[in-house]
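Quick notes on the structure that follows.
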Amino acid sequence: MSNHNYWLFKSEPSSFSLDDLKNRPDATEHWDGVRNYQARNFLRDQIKEGDQVLFYHSNIAEPAVVGIAEVVKGGYPDWTAFDPGNPHFDPRSAPEKPTWYMVDVRFVRELPRPVTLSQLKTIPELAGMALLNRSRLSVQPVREEEWAEILRLAGVDGT
DNA sequence: GCCAACGTTGGC
DNA sequence: GCCAACGTTGGC
């Protein structure tokens, strides 16, 4: 029995890739700029330090899960929403009453074999994943069995 | 680059 | 509170 939860975070590699995360100081970055309420709720209420994250590259020729990251800081206010100069500025969000939240994640590993979206679609056990039904949710929960199956497909030994 | 799907906004 | 218009996401 594990004491952490599993998630999948999407990113367009042209704006932020797994390699970008790996190359950050301490291989750590703020997962900021999420402006969707359902994703916000996960970030604010459920995503905790120690949780494990599938890093997914979206909006490319072959979308795929490409790596693993770990949450090193649970949900806290996304201050990019407070900064008028920031592309993610949102005047409705105030420091006293933040609308948006973020977490910090650290690079863990690249997958030996990326697991492509088309591959995931062929696995009946994964048909319930938000990735396959709720295609626009950029932060989403992953069940432990789904996590294990995807890592198996990626050629990673059981964790 | 196209465009369908979908979340959000705002007029009424 | 409805729903049309709009903007964005993301697969293809």
Side-chain angles (χ1 to χ4, degrees), chain A residues 5-24 29-47 51-71 74-105 107-143 145-147 149-156:
Chain A
N5 290 313
Y6 299 103
W7 306 94
L8 181 146
F9 288 8
K10 292 185 199 173
S11 188
E12 298 190 25
S14 61
S15 55
F16 189 73
S17 69
L18 183 67
D19 270 351
D20 292 333
L21 179 62
K22 186 181 184 176
N23 293 325
R24 283 289 190 272
E29 183 58 287
H30 311 302
W31 205 264
D32 60 22
V34 174
R35 297 293 179 264
N36 167 282
Y37 287 101
Q38 194 178 0
R40 184 281 310 270
N41 292 345
F42 290 133
L43 291 167
R44 184 188 59 191
D45 305 331
Q46 291 186 242
I47 303 183
D51 284 1
Q52 302 293 113
V53 176
L54 294 173
F55 198 111
Y56 177 84
H57 280 169
S58 67
N59 217 355
I60 50 173
E62 190 143 64
V65 179
V66 293
I68 298 173
E70 178 173 347
V71 177
Y76 63 103
D78 180 347
W79 43 258
T80 65
F82 309 144
D83 174 6
N86 192 288
H88 299 300
F89 175 61
D90 181 351
R92 297 168 302 179
S93 186
E96 321 82 69
K97 197 172 185 300
T99 305
W100 306 114
Y101 283 73
M102 60 183 177
V103 300
D104 291 354
V105 295
F107 175 86
V108 172
R109 67 180 301 172
E110 190 173 348
L111 297 181
R113 295 193 298 267
V115 183
T116 65
L117 178 61
S118 57
Q119 218 180 334
L120 293 171
K121 284 178 174 173
T122 67
I123 312 290
E125 290 75 19
L126 302 180
M129 288 188 72
L131 186 67
L132 306 179
N133 308 301
R134 310 278 326 283
S135 64
R136 300 185 53 188
L137 188 60
S138 68
V139 169
Q140 52 182 262
V142 173
R143 300 193 307 148
E145 315 86 82
E146 295 164 345
W147 175 274
E149 176 64 10
I150 291 170
L151 264 55
R152 192 184 67 73
L153 294 167
V156 176

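In the text below, chain A, chain B and the rest are named by the order of the sequence lines, each starting its count at 1.
As a whole-Å value, the separation of Phe9(A) CZ from dT9(C) C1' is 18 Å. At whole-Å resolution of the value, OH in Tyr37(A) and P in dT8(B) are 7 Å apart. When rounded to the nearest whole Å, the span between CD1 of Ile60(A) and P of dT9(C) equals 16 Å. For His57(A) and dC12(C), the NE2 to P distance is 18 Å, given to the nearest whole Å. Across the protein-nucleic acid pair, Leu8(A) atom CG and dT9(C) atom P stand 16 Å apart, rounded to whole Å. One atom, CZ of Arg40(A), and another, C1' of dG7(B), lie 14 Å apart when rounded to the nearest Å. Regarding Asn133(A), its CG atom lies at a distance of 15 Å from the C1' atom of dG11(C), rounded to whole Å. The CD atom of Gln38(A) sits 9 Å away from the P atom of dT8(B) (whole-angstrom rounding).
Annotation: the span from Phe55(A) atom CZ to Asp20(A) atom CG amounts to 7.5 Å, rounded to 0.5 Å.
Side chain to side chain, Thr80(A) and Asp83(A) fail the donor-acceptor criterion of an N or O pair below 3.5 Å. Using modelled atom types, one finds no donor on one side chain facing an acceptor on the other under 3.5 Å when comparing Tyr101(A) with Asp45(A).
Taking the six-membered ring for Trp and thresholds of 30 and 60 degrees, Trp31(A) and Phe9(A) have ring planes inclined between 30 and 60 degrees apart.
If you check dT9(B), dT8(B), dC12(C) against the side chain of Arg92(A), the one that comes closest is dT9(B). Among the nucleotides dT8(B), dG10(C), dG11(C), the one closest to the side chain of Pro63(A) is dG11(C). For Lys121(A), the side-chain atoms get nearest to dC12(C) when compared with the rest of dC12(C), dT8(B), dG10(C). Counting only heavy atoms from C-beta on, Arg134(A) has its side chain closest to dG7(B) among dG10(C), dC12(C), dG7(B).
Partner Asp78(A) forms a side-chain hydrogen bond (donor to acceptor under 3.5 Å, both in side chains) with one of Arg35(A), Arg40(A), His88(A) and no other, that one being Arg35(A).
Put simply, Lys10(A) has no side-chain N or O that comes within less than 4.0 Å of OP1 or OP2 on dT9(C). For dG7(C), the OP1/OP2 oxygens have no side-chain nitrogen or oxygen of Arg35(A) closer than 4.0 Å. Contact check, Tyr56(A) against dG11(C): a side-chain N or O comes under 4.0 Å of OP1 or OP2.
Residue-to-nucleotide proximity on DNA chain B shows that, of Asn36(A) and Asn59(A), the 5′-proximal contact is made by Asn59(A).
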